[in-house]
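These notes concern the structure reproduced below.
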Amino acid sequence: MNSIQIRQAFLDFFSSKQHFIANSAPMVIKNDPTLMFTNAGMNQFKDIFLGNSPTTHLRVANTQKCLRVSGKHNDLEEVGHDTYHHTMFEMLGNWSFGDYFKKEAIAWAWELLTEVYGLEKDRLYVTVFGGDKADGLDPDNEAFKFWKEIVSEDRILYGSKKDNFWEMGETGPCGPCSEIHIDLRDENERREVAGKDLVNQGHPQVVEIWNLVFIQFNRLNSGELKSLPAKHVDTGMGFERLCMALQGKKSNYDTDVFQPYIQKLSEMTGIAYGSGKMTDVAMRVVSDHLRAVAFAIADGELPSNNKAGYVIRRILRRAIRYGYTFLEFREPFVHKLLPVMVENMGKAFPEIAAQQDLISRVIAEEEATFLRTLSVGIHKFEQYLAAHSHQKLVDGQFAFELFDTYGFPIDLTRLMAREQGWDVDMEGFAAGMEAQKTRSRAAASIETGDWVEVKSAAAETRFLGYDQMEAEVELIKYRQVSSKGKTYYQLVLDQTPFYAESGGQVGDRGVLQSGEVTIEVIDTQKENNLVVHIAERIPHPMPSRFFARVDEAKRQQTANNHTATHLLHAALRMVLGPHVQQKGSLVNEERLRFDFSHFAKLTAEEIEKVEAIVNARIRENIIQEEHREMDMAEAQKMGAMALFGEKYGDKVRVISFDKNFSTELCGGTHVHSTGQIGLFRIVSEGAIAAGIRRIEAITGAEAEKYVNARLKELEAVRALLRAPKDTVHAVEQLLEQNESLRKKLDAAQKDQAGQLVEEMAAKAEKLDGVNFIGQLVEMDAKMAKDLAYAIKNKVNNLFLVLGHVAEGKPGIVVMISENLVKERKLHAGNIVRSLAAHIQGGGGGQPFFATAGGKNPAGLDKVISEARKLLA
RNA sequence: GGGGAAUUAGCUCAGUUGGCUAGAGCGUUUGGCUGGCAGCCAAGAGGUCAUCGGUUCGAGCCCGAUAUUCUCCA
């Protein structure tokens, strides 16, 4: 079976068992501070297990794209060096939400592995939970019983709490699990050591392939376990590993999941896979990382310099680094593997095929950027070697600077140093790294006080803001937060009209009133699904009931901009095409910012067209149509624009302005009818990354202000030009005239200066074979300097002293011909310094030219006479 | 969120305790030579040294702020 068939067989099998086949959730997670990427199949069902939301299907199965870059068993720097770790992988899983339990889960897992996939039964072992005294848990005899019905007893092993009891976190749903392991060793090896002795012993060929979790408890804060009324099944099977088992390979990278990339790399480099340790590692690294990066970009996460985007950049750069060092690539190459990926995964993951062009461009651009970074680093490194040629040791501080400031990887520094017979002070490097980490941690620390619980509340804050701007609310809890010397307070309410920042729309401001007491809310944010109102000051004592009022003007303008964003999105798709997809947005009361995929600069005509469409829609005064609780499927039927893969089971809110024009999934606040927006103007358009463009625009009063300011500006220009018929032409003429006048003036000035130079040169006195000129002139320092240089070109054997005054400030310029400097050991700098004493000033310069400035113009005569004495 | 850096000609970059009327290569223009592969030679144009402010006799260089970009850490 090839990997495509293996994946499909899994889905078909559970479909035949009445499972709903869900889409893979996005690999990139938004709005969860604890998790940046989906790292397990169950992530998207977390709320169902927690009891926060109901499920629409009792049985679900899917393949889930996952990303792991850190954790106890998965350090990014290790991936590729062995044959089984990955950053991005697929997790096959089936779930029961309060429906079937251990019996079916076990029976179906066995049926799929042995009958559908045809794995040899005598290579399989299963483990069940062996009980735990501290938790007062008995062994999972139930699971044992069901297993015994299908496999011989000597293949069932009891496992520890560490291996066979699964918990989501410190608290929450948990339960025993049962794992299926497979022994993939040769016959010989199997005869020597029994497979059952190697289960869970870290042997690379005796591995777990499927974990069946039986969620039957809830762990409380006290540590106590409580039985759950509804029991769930949560299973996970690593797809890449399954392929290895089914295809009889010794390594995940030998399966057809990875081989196509490796073969392509081999073809590109002329290096056979298996011909060298490090070239093999590099090929594994590149093929693994390509998959991770491509999926992340498809989910809208671009390589960038912070957070999730930075993780993606690091992964991609690691791939480039290995390619650069071990495969000798000097040009962007990773993106060239993308067509291979589309061929292999495009069907199961349509987002990859649909966005191939974008992904390829983004990767290629990032590759080019990084190769530039590398060449800058190499340059710096070479400069360092040249400057420190005596020591043969690269200072740790410098190695760290290369890494920290120029992004130059430390292993490349070591490699290049070794090639020159140098060493790198790694301790110094580590010390720099440690100092950096300490600094960051100190800066990141925020002190949060304990929550003051005012009233107990079960559910999350109810949001009223779609319908009202004011409400009676009750305080649930509040606390003080300090960071960097600033103190503020967070307040949680039972219900609120305040919109918390999300989906690009900023949070509401407003006030909370209780009698005479007013709390000013300066922002509203979401923290772990908790709506927190932020205030700089709170009263003592704290009232428990408030009348909440949102700042309506700000909200109104924000709504203008948010609705305009939707209209803009739709208009862009009309004008540019359906490849336009939202890649980010920001909406506040002043303006809107919209990032979208598109490959070229918008022409002036395109921008005009987009603006015209949006403004026409505004004038049509289209009434908002809102569906607050809609199923995903229904929303899609309506043609709602959304990124690939929303979370399964979510009810979504759909906003449309003319169903045939703009229909989007959106939680934000909008105008009731588009006429409120008034006017829409695009103020800037530009690129922010390869294939991504950004438009900034304004609406309503802001747009009016903008247009008026422009008109006023134009009027002012016209008035200055005496209101010509054709303003542009008039300005062009003016510029032409100006240019020709400037040239004439230049010539005239040169002429004049030439005359002055002639005059001055004529005043030269022969003193001891030297042409001495000492003159007082009315000009500023810049002109005197120019004059001195001009005279120097005219007169040889020159010793020139100019005393100049401008705006009451005296200065001295001394110029001496180079031959005199040499022959007579004269130094203009020293001379000017002594002369400057007469005008109460100071100065200096080079041997042939120097300047000084002072306070006493009356001393200039003395300066000239003293200068003459120097030659006499 | 915090640290470090960069910004000089159309492009890639030099510019050394502040002394500079700011340079190189590539590109470009003009002229000449030349049967070709990055042709050769000569001459020229092209810079508010990111912006604003400060220190100084003098700032591309030092100091402060701003903007943009890069980079590391969280």
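The figures that follow rest on heavy atoms only: side chains count, while hydrogens, waters and symmetry mates do not. Chain A is the first sequence line, chain B the second, and so forth, proteins listed ahead of strands; every chain is numbered from 1.
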Problem - Distance-only side-chain donor-acceptor flag, A:Gln490 / A:His533, under 3.5 Å - result: no
Practice task
For A:Glu434 and B:rC72, give me the distance from atom CD to atom P, rounded to whole Å.
Solution key: 18 Å
Practice task
Determine, for A:Glu696 against A:Arg681, whether the closest basic-nitrogen to carboxylate-oxygen distance falls under 4.0 angstrom.
Solution key: no
Fill in the blank from the handout: Result for 5'-nearest mapping on RNA chain B, choosing between A:Gly841 and A:Phe370, is A:Gly841
Handout entry: For atom NZ of A:Lys782 and atom P of B:rU56, their distance in whole Å
Key = 22 Å
Fill in the blank from the handout: Residue pair A:Met433/A:Arg833 against RNA chain B: nearer the 5' end by closest nucleotide is A:Arg833
Problem - Short N-O contact, A:Arg321 and A:Asp411, less than 4.0 angstrom - result: yes
Practice task
Using a strict cut-off of less than 4.0 Å between a Lys/Arg side-chain nitrogen and an Asp/Glu carboxylate oxygen, indicate whether A:Glu401 and A:Lys380 qualify as a salt bridge.
Solution key: no
Practice task
For A:Leu374 and B:rU71, give me the distance from atom CG to atom C1', rounded to whole Å.
Solution key: 12 Å
Exercise for the section: Output the distance between atom OG (A:Ser817) and atom NZ (A:Lys822), rounded to the nearest 0.5 Å. Expected result: 12.5 Å
Problem - Euclidean distance, atom CE of residue A:Met779 to atom C1' of B:rC57 [Å, nearest integer] - result: 17 Å
Practice task
Look at A:Arg313 and B:rC72 and indicate whether a side-chain polar atom (N or O) is within less than 4.0 Å of OP1 or OP2.
Solution key: no
Problem - Between B:rA24 and B:rA42 - P atom distance, rounded Å - result: 14 Å
Problem - Between B:rU48 and B:rA22 - C1' atom distance, rounded Å - result: 14 Å
Problem - Within residues 394-406 of chain A, residues whose heavy atoms come under 4.0 Å of RNA chain B - result: A:Phe403, A:Asp404, A:Thr405, A:Tyr406
Practice task
Using a strict 4.0 Å threshold on nitrogen-to-oxygen distance, state whether A:Arg317 and A:Glu366 make a salt bridge.
Solution key: yes
Handout entry: Interatomic distance at C1', B:rG46 relative to B:rG27, whole Å
Key = 11 Å
Exercise for the section: Could you check whether A:Gly843 gets within reach of a base, just the sugar-phosphate, or nothing at all, counting any heavy atom under 4.0 Å? Expected result: base
Exercise for the section: Starting from P on B:rU16, measure out to OH on A:Tyr384 and report it in whole angstrom. Expected result: 20 Å
Handout entry: Nearest-angstrom distance from the residue atom NE2 of A:His827 to C1' of B:rG19
Key = 10 Å
Practice task
Could you grab the distance from atom CD of A:Glu589 to atom CG of A:Leu592, nearest 0.5 Å is fine?
Solution key: 12.5 Å
Problem - Watson-Crick or G-U pairs under 3.5 Å in RNA chain B, rendered as dot-bracket with [ ] for crossing pairs and | for another strand - result: (((((((..((((.....[...)))).((((((.....)))))).....(((((..]....)))))))))))).
Practice task
Between B:rU16 and B:rG2, how far apart are the C1' atoms? Round to whole Å, please.
Solution key: 33 Å
Handout entry: C1' spacing across the pair B:rG15 / B:rA9, given as an integer number of angstrom
Key = 14 Å
Handout entry: Presence of donor-acceptor pair under 3.5 Å, side chain of A:Gln436 and base of B:rG4
Key = no
Exercise for the section: Tell me what A:Gly845 touches on the nucleic acid: a base, only sugar-phosphate, or nothing, going by heavy atoms under 4.0 Å. Expected result: base
Exercise for the section: Tell me what A:Ala790 touches on the nucleic acid: a base, only sugar-phosphate, or nothing, going by heavy atoms under 4.0 Å. Expected result: base
Problem - Output field: ring centroids A:Phe403/A:Phe429 closer than 6.0 Å - result: yes
Fill in the blank from the handout: Atom NZ of A:Lys437 and atom C1' of B:rG1 are separated, to the nearest Å, by 17 Å
Handout entry: Approximate separation, where rounding is to 0.5 Å, of A:Ile812 CD1 and A:Leu835 CG
Key = 5.5 Å
Problem - By side chain to side chain contact (heavy atoms under 4.5 Å, CB included) - contacts of A:Thr325 (at least two apart) - result: A:Leu412, A:Leu415
Exercise for the section: Identify, with sequence neighbours excluded, every residue that meets ring pair (Phe, Tyr, Trp, His ring centres under 6.0 Å) alongside A:Phe772. Expected result: A:Phe799
Exercise for the section: Please list all pairs passing the salt bridge (charged side-chain N to carboxylate O under 4.0 Å, His left out) test where one or both residues lie in residues 859-869 of chain A, with sequence neighbours left out. Expected result: A:Glu765-A:Arg868, A:Glu866-A:Lys869
Problem - Donor-acceptor contact below 3.5 Å, side chain A:Glu536 vs main chain A:Ile522 - result: no
Practice task
Can you sort out which residues in residues 848-858 of chain A have a heavy atom within less than 4.0 Å of RNA chain B? Ascending by number, please.
Solution key: A:Thr851, A:Ala852, A:Gly853
Handout entry: Spacing of the C1' atoms in B:rA6 and B:rG60 (rounded, Å)
Key = 14 Å
Exercise for the section: In whole angstrom, give me the gap between the C1' atoms of B:rU8 and B:rG3. Expected result: 26 Å
Practice task
Please measure how far the C1' atom in B:rA14 lies from the corresponding atom in B:rG31, and state the result in whole Å.
Solution key: 31 Å
Practice task
Rounded off to whole Å, could you give me the OH-to-P distance for the A:Tyr488 and B:rG1 pair?
Solution key: 12 Å
